[in-house]
Amino acid sequence: MYKLLPMITVLIGLSLFAGEARKPVTGEQQKITYDTTPAPVPLNFSEEKIRSYRQQTDFNYSEREEQETWWTMFKRYIILQVI
C-alpha cells in the first residue's frame, strides 16, 4: 500500500499538468509586473553589542539537559523493544 502512494501521487500530478497543456492559447497578452522596491539593507551589529547580548540571560538559548527519570527510562525501553 505504501509503495503505491508515491506512484499515485506522481500520476495525479502528471494528469493535472497534462490538463494545463490542453488549454487553448488565447491572443491576450498578460501584463508582467515587476517588484521595484529597493533591496533590503542588512543590519550591522558591532562586536561590543553582540558581547553585551551574550552576557544577558534573556538571550541564553542553550537547552537544559534533562535529568533521567523513571519515565524517560521507560520510554527508551519501549522504543528499544519496538525497534
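What you see is a predicted model, and the numbers here were worked out from it, not measured in a lab. Residues take their numbers from the sequence shown, with the count starting at 1.
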J.: Near E48 CD, under 6.0 Å, is it more than 12 heavy atoms from other residues, nucleotides or ligands?
T.: no
J.: Answer yes if F74 and I79 sit in the same cluster of Ile, Leu, Val, Met, Phe, Trp and Tyr residues linked by side chain heavy atoms under 4.5 Å apart, and no otherwise.
T.: no
J.: Do you know the tightest heavy-atom contact between T37 and D35?
T.: OG1-OD1, 2.8 Å
J.: For the atom pair CG (N44) and NZ (K49), what is the distance rounded to the nearest 0.5 Å?
T.: 10.5 Å
J.: Got a second to check how far M73's CE is from W70's CH2, nearest 0.5 Å?
T.: 9.5 Å
J.: Answer yes or no: does atom CZ of F59 have more than 12 heavy-atom neighbours from other residues, nucleotides or ligands under 6.0 Å?
T.: yes
J.: Would you say Y77 and I83 are hydrophobically clustered, going by side-chain heavy atoms of ILVMFWY under 4.5 Å?
T.: no
